[in-house]
Structure formats: structure tokens, C-alpha cells
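Okay, so here's the structure we're looking at.
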Amino acid sequence: MINRRDFLKSTGKGIAGATLTLAAYDFINPGEIFAKRPDIRQTRWAFLVDIHKCVGCGFCVKACKNENEIPYDANVSRTWVERYVITKDGRHFADTPKAARDGFITSKIDLGMGRFQDIKGGEIEKAFFVPKLCNQCEDPACVQVCPVGATYQTPDGVVLVDGTWCIGCGYCINACPYGARFFHPVTKTAEKCNFCYHRISKGLKTACVQACPFGARQIGNLKDPNDPMTKQIKTKMVGVLKSEYGTKPHVFYLGLDQEVI
Amino acid sequence: MMVHGEIWTIKELFVYPNEYVYWSVQIVLYPFMTGLVAGAFVLSSLYHLFGIKQLKDMARFSLVFSFALLPAAALPLQFHLMHPLRGLNVMMTPHFTSAIAAFGIVFATYAAIVAAEIWFVYRKFIVESALALKKKTGKSLYEQALQLVYSVLTLGSYDVSEQALHKDEKAITVLAGIGIPVACFLHGYVGFIFGSVKAKALWSTPLMPVIFLASAIVSGIALCILVYIIATNLRKFFAADSAKKWIKVDLVAVQTASKALVYAMVVALTLELLDMVFRGYTAVKSWDILREVLFVMDFTKIFILQFGIGNLIPFILLLLPRMTIRRAVLTTSLVLFGVAMMRWNVIIGGQINSNSFAGFMHYNLPIIPHDIETFKEGLGGVLVVFTTPFILFYAMNKILPVFTLEESHE
């Protein structure tokens, strides 16, 4: 039978031993690392979409799927383009067949469940295309609800997903008001647009910006007053999507119509 | 290539390309099963804490059944994860701004309380069984195993003096007292998980936790009455002829529990209707599409199946005088159906409308599985979750008998 003195002695030794071993580990503190890279604090990535310039060709969607390895035929996409049609008799239509991967090649509006509505040019009062992608919100609902912290916001404002830690609960997907998230059909983890973080952090443009033949998409640094995108956001009338959710989205739109949902 | 959710989702009108019914039937079962756990525990506490003597027979049964239901409440979560093996990550790096990060902790706390209470309730029996088996000579292998189980279960405490048993009683009261708020928290918390999703119009209401809690108590009481009656009759069916006359359903207990059921139903129904009226009256942006979901798409499921068959009819049956066993069986079955429909209409119904507010998603439950996904999130998975508590209850009953013959004589 162990007596009290021996018990206390061996407990003390055990605790001291464990502490020493643990002290050998150098815990990585993200704050320390970012302090060594001041450039990252001087960046806030944002996006500007000029709705007037978009023709719905779908090149951006194709480029994104190829760049980010989203299976080409899978019915999900990090970015997509929506078509809005309002007729002279006041009917409203919107669709995005295959996320507009192949562009809008027919005047038939996809109503779902295999039904289509053909609208002749003469009937149309107003029509336009709206590219969409993750809004890289300042207060992202998806980051808030992730139970394991697998999705997080970088100091330069981009929301990323750690696919090796995601448990696949789908809470973030349901929490996003924009429908930006989905399960990757191969990795089975949450997936979303990350402004091509691997490219922009090297000084490149995102795949969609590069692929857009009409300059409808721009990416830039909101903290840099000389950035061409920032100049436009600061001087022109821009809107954001669904501000009522309080997520503070950072994809800005020029020419945003009230019909856009 | 099929995307998760694509196989059971049919899109109508304008739905964002990445939207599917991501939370399917397992997430319907999750609040349903947790609700049964919480409700069963509350029923058992009515006897242990508030001393409602008429419920004595049913109290012990509810307590053990509540424990048997616990694993079945966690099973749906495991089934719906895309990476079930990473489920434990929640315990390793809990991200507490998420409403589900603390689920494991709340769940484990509750399980510990129920386990402790069961232990105190059964302590005398465990000690007596362990000692009796110890004395016995010529034990079979089964009895040897049983002796080991009982010896371990005593946790080394063989004191069953009057004084010690009195202390046990006190401990049971304390545990039942702590257990009620924890059980309520467990289920209110489940409601919060949905109520806090601001992107889903139907879920997003601060009433969600209380609505879930009230319907949880309704379903838990109903299930306990139902299973108690069925189990007693089964016992009678299999009992020796001489014992048959001693085994009968305690009608007074059933009537008392039915009364508790009425009160719980009034609260649940009031809250649910309040939510609907408030949404209609304030008519914010989402109301146009919600009205479409509630009164057109889901009209039959909500107003006929849930409120009509699941609430109104059983409510009338409960209020009629002279409750009989048969009527209790019918009533509680309908109540359980109603609560299950409510869970369905909230979880699946909440995902019917697209976040675009301009389109709908229809959910089709996979019946015949053709891969692991359609099994887990289809009829197969439902059956596994539904049968688990009964198998566990059967096994637990072998070690800790819920019904004992001597007590039926009393």
C-alpha cells in the first residue's frame, strides 16, 4: 500500500515530468506569424462585379472549375452566373443552368423539374446577367457555425476551408445565405470560392477574373487606395447582396438591380 | 458525378446551383430522438422529484428507457456526417461560437446524470444480486458472467443498510433535480441549433428552442405511456400462468401521465401557433415564400397530418372522460406521429424554399439503398435508429429488470 508521502512525491514527479515534456513543444501562434508578415495586415481582398459588362458566356465558371478541381460535370460550382428576365407583362424569371458553365445558349428559361419557358425577344422588358461567388463576408455565418473550426477567416479577409479537418456536417452550407457552399463530390468536405487564394497571395488574378473577356470581374485590395478596383468602389455607386443578414459581404456590384436575389 | 443531396432533391423554379436538401431524414430523427430522451426523463422525475406516487411503476421504466434512448439520439448525427470517423474532432477542437460544438459535452453530462440516477435506483438490487450469485454453487457460464457484471456495477459499495439506502434516496432526488434542467437544456439546445440559422427563413426564430422543448416533453411522455403498456402486455403474454393475474397495466399511472401529456400539449401547440401567427402578422420579406411552403407545398403535412391527426384528434381523445388503456394506446401513437411530423415539417420544410426566395426543393426519402449514402440517409438508416433503443432496452432489462414481480403485488 502506498503511503501519503510517497503518493505526493510520485505525483509531484509525474507533474514535473509531464510539464517539461510539454514545454518542449513550440505551440504555433497565428498572431506571432502574422506579426512577422505586416503585408498581410495591409490587405483586405474584395471583388467588384460590373453587371453591365457581363454577357453570360460562362468562361469564368469553366475557368474556375478547371483551376480549383471541381468535377466538370458535377452540379455544383464555386462561382456561377444567373440570368434575370423581366417581361413586358410583368413576369419575373431567373435561372442558372449547370451554373452557366456553358453560358446561356438558348432563350428558354430553365424552370426546374424538366420544364422550360421560351421567352421571345419582343416580350422582354429587361434582362441581365449576374455573376456570383463567395462574398468573403466580414462576419461570416459559415465560420461562426463550424463546430470544429475547420473553416476560418484569414487576416486579409478570405474565408478558407481546411479539408483535412472538416467533418462534413453541412452546418456551414445551411448557414450561408448566398448558397455559396456545397460538398465537394470527391473529398466530401465543405467547399467554396476562396478568391483563388493560392493565386492572389502570389500576385496573380483569380482564374475567373483572368478568364472574363469583358472585364466584368475585378479583384483587388480594399486597403490600397491606388488599387483600380478600390478606386471604383470608393467613387461609384455599388451595392452588395443580402445586406440584411448582417454578414458584411465583400463582393460589390456595379449596376445591381432590385430584382437580384 | 452525383453531388451529396442531389439524389433526393428535386428543384423547382429558381434555386441556386449549390443548394440541395443537405439535412435529410437523419436530422429529422435527431431532434425527435433527443426529444424522447428529454421527455422520458422528465416523466420519471415527476415521481422521483415531485413524489407523484401514481407514477411509481412507470418512473423506473422511463428512467431506464431514457438511458436506452440516449445512443439512438447521437446515432443520427453520426449517420449524417460526410466524415463519420472525424466526428470526434468536435471534442478535440470545439469551436464554441458554433451551436453544435458543445453538443458532445452537454450530451455526456446528461448521460452521466441519468447513469448515476439509475445506479442509485438499482444499487440495492445490484448488491443483492451480486451477493446471491456469489453464494450460489455450481454456476453456469452465464451466471458467472452475470456475477462479474453485478460485482463491477456495485463499484465496491456493498453497504445496503437502512441508513445507506436513505442516502441513496436523497441522491436520487438531487440527481432528478439537476437532471430536469440539463434534459431541458439538452433539448432546448437542439432547438437553438436550428433557430440560430438566420439563412433559413422557417428556422430562424427565437421561439425554436422552447417549441422544440415543449414538443419534446409531449413526445417523451407519449412514448413512455405507449411502451409501458406494450411491454406490460408482452410480459403478461410470456409469463407463467400463475403469474399472469398479477401482471396488469397500472391504469391510474396511465391516467396520471395522460394528464401531464395534456398540459405539455397545450404549451407546445400554443407556441407553434404563436410562431405561425406572428410570422403572418409581421410579414417580413421571407413571408411570401414561407406562406407558399406552409399553405401550399406542405399543407397536407402540416395542417392535416401534424395538426389534425397528430394534435387535434389525440387532444380530444385525451380530454374525453374515463381514459382506457386502449384509448391511451391510440392517443399516444397519434401524438408520437404528430411530433414526428412536426420534426419533419420543420427540418425538411425549412429547406424547401431556396435562399433565393424564388424556388423550391422537394425531398424524396430514399427507400431502396444502392450505396452507403442512400442507406444511411434513407429508410434503412431510419430503421436502424428506431430499433436501437429497443434492443438496448431489452439488453439493459436483462441486467437491471424494470419490472419485478414482487412489486406488482403491492
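The analysis underlying the following values was restricted to heavy atoms, covering all of them including side chains, and did not include hydrogens, waters or symmetry mates. Numbered from 1 within each chain, the chains take letters A, B, ... in sequence-line order. In this text the structure is predicted, and so the values were computed from the model without any measurement.
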Report which part of [X] has an atom under 4.5 Å of a heavy atom belonging to chain A: side chain, backbone, both, or neither.
X	result
B/I193	both
B/V90	both
B/I10	side chain
B/M92	side chain

Output the donor-acceptor atom pairs between chain A and chain B under 3.5 Å, with atom names and distances to 0.1 Å.
{"residue": "A/N75", "atom": "O", "partner": "B/Y20", "partner atom": "OH", "Å": "2.8"}
{"residue": "A/N75", "atom": "ND2", "partner": "B/E6", "partner atom": "OE2", "Å": "2.5"}
{"residue": "A/S77", "atom": "N", "partner": "B/N18", "partner atom": "OD1", "Å": "2.8"}
{"residue": "A/S77", "atom": "O", "partner": "B/N18", "partner atom": "ND2", "Å": "2.8"}
{"residue": "A/L111", "atom": "O", "partner": "B/L13", "partner atom": "N", "Å": "2.6"}
{"residue": "A/M113", "atom": "N", "partner": "B/K11", "partner atom": "O", "Å": "3.2"}
{"residue": "A/Q144", "atom": "O", "partner": "B/T97", "partner atom": "OG1", "Å": "2.8"}
{"residue": "A/Q144", "atom": "O", "partner": "B/S98", "partner atom": "N", "Å": "3.2"}
{"residue": "A/V145", "atom": "O", "partner": "B/S98", "partner atom": "OG", "Å": "2.5"}
{"residue": "A/C146", "atom": "O", "partner": "B/H95", "partner atom": "ND1", "Å": "2.8"}
{"residue": "A/P147", "atom": "O", "partner": "B/H95", "partner atom": "N", "Å": "2.9"}
{"residue": "A/V148", "atom": "O", "partner": "B/T93", "partner atom": "OG1", "Å": "3.1"}
{"residue": "A/G163", "atom": "O", "partner": "B/R86", "partner atom": "NH1", "Å": "3.0"}
{"residue": "A/W165", "atom": "O", "partner": "B/N89", "partner atom": "ND2", "Å": "3.2"}
{"residue": "A/W165", "atom": "NE1", "partner": "B/T93", "partner atom": "OG1", "Å": "2.7"}
{"residue": "A/C166", "atom": "O", "partner": "B/R86", "partner atom": "NH1", "Å": "2.6"}
{"residue": "A/I167", "atom": "O", "partner": "B/H83", "partner atom": "N", "Å": "3.0"}
{"residue": "A/G168", "atom": "O", "partner": "B/M82", "partner atom": "N", "Å": "2.9"}
{"residue": "A/C169", "atom": "O", "partner": "B/W23", "partner atom": "NE1", "Å": "2.9"}
{"residue": "A/C169", "atom": "O", "partner": "B/H80", "partner atom": "NE2", "Å": "2.7"}
{"residue": "A/Y171", "atom": "OH", "partner": "B/I193", "partner atom": "O", "Å": "2.6"}
{"residue": "A/C176", "atom": "O", "partner": "B/N355", "partner atom": "ND2", "Å": "3.1"}
{"residue": "A/P177", "atom": "O", "partner": "B/N355", "partner atom": "ND2", "Å": "3.4"}
{"residue": "A/G179", "atom": "O", "partner": "B/N18", "partner atom": "ND2", "Å": "3.2"}
{"residue": "A/T187", "atom": "O", "partner": "B/H83", "partner atom": "NE2", "Å": "2.9"}
{"residue": "A/K188", "atom": "O", "partner": "B/H83", "partner atom": "NE2", "Å": "3.4"}
{"residue": "A/K242", "atom": "NZ", "partner": "B/Y16", "partner atom": "OH", "Å": "3.1"}
{"residue": "A/K242", "atom": "NZ", "partner": "B/N355", "partner atom": "O", "Å": "2.8"}
{"residue": "A/E244", "atom": "OE2", "partner": "B/K285", "partner atom": "NZ", "Å": "3.2"}
{"residue": "A/Y245", "atom": "O", "partner": "B/K198", "partner atom": "NZ", "Å": "3.0"}
{"residue": "A/I261", "atom": "O", "partner": "B/Y16", "partner atom": "OH", "Å": "2.8"}

Across all chains, not counting sequence neighbours, the ring pair (Phe, Tyr, Trp, His ring centres under 6.0 Å) partners of B/F360 are none
Which one, [options], leads in non-hydrogen pairs under 4.5 Å with chain B?
options	answer
A/A141, A/A74, A/C166	A/C166
A/P185, A/G114, A/G179, A/A190	A/G179
A/G246, A/A180, A/P147	A/P147
A/P71, A/P97, A/C176	A/C176
A/C146, A/G112, A/G149, A/A175	A/C146

Just wondering, are more than 12 heavy atoms of other shown residues or ligands nearer than 6.0 Å to CD1 in B/I368? no
Hey, is CZ on A/F59 packed in by over 12 heavy atoms from elsewhere, all under 6.0 Å? no
Report the option among B/I27, B/L77, B/L81, B/V15 that has the most heavy-atom pairs separated by less than 4.5 Å from atoms of chain A. B/L81
Given heavy-atom pairs under 4.5 angstrom as the criterion, report whether the side chain, backbone, both or neither of A/I167 touches chain B. both
Given that the side chain runs from C-beta out, which part of A/A100 has a heavy atom under 4.5 Å from chain B: side chain, backbone, both or neither? neither
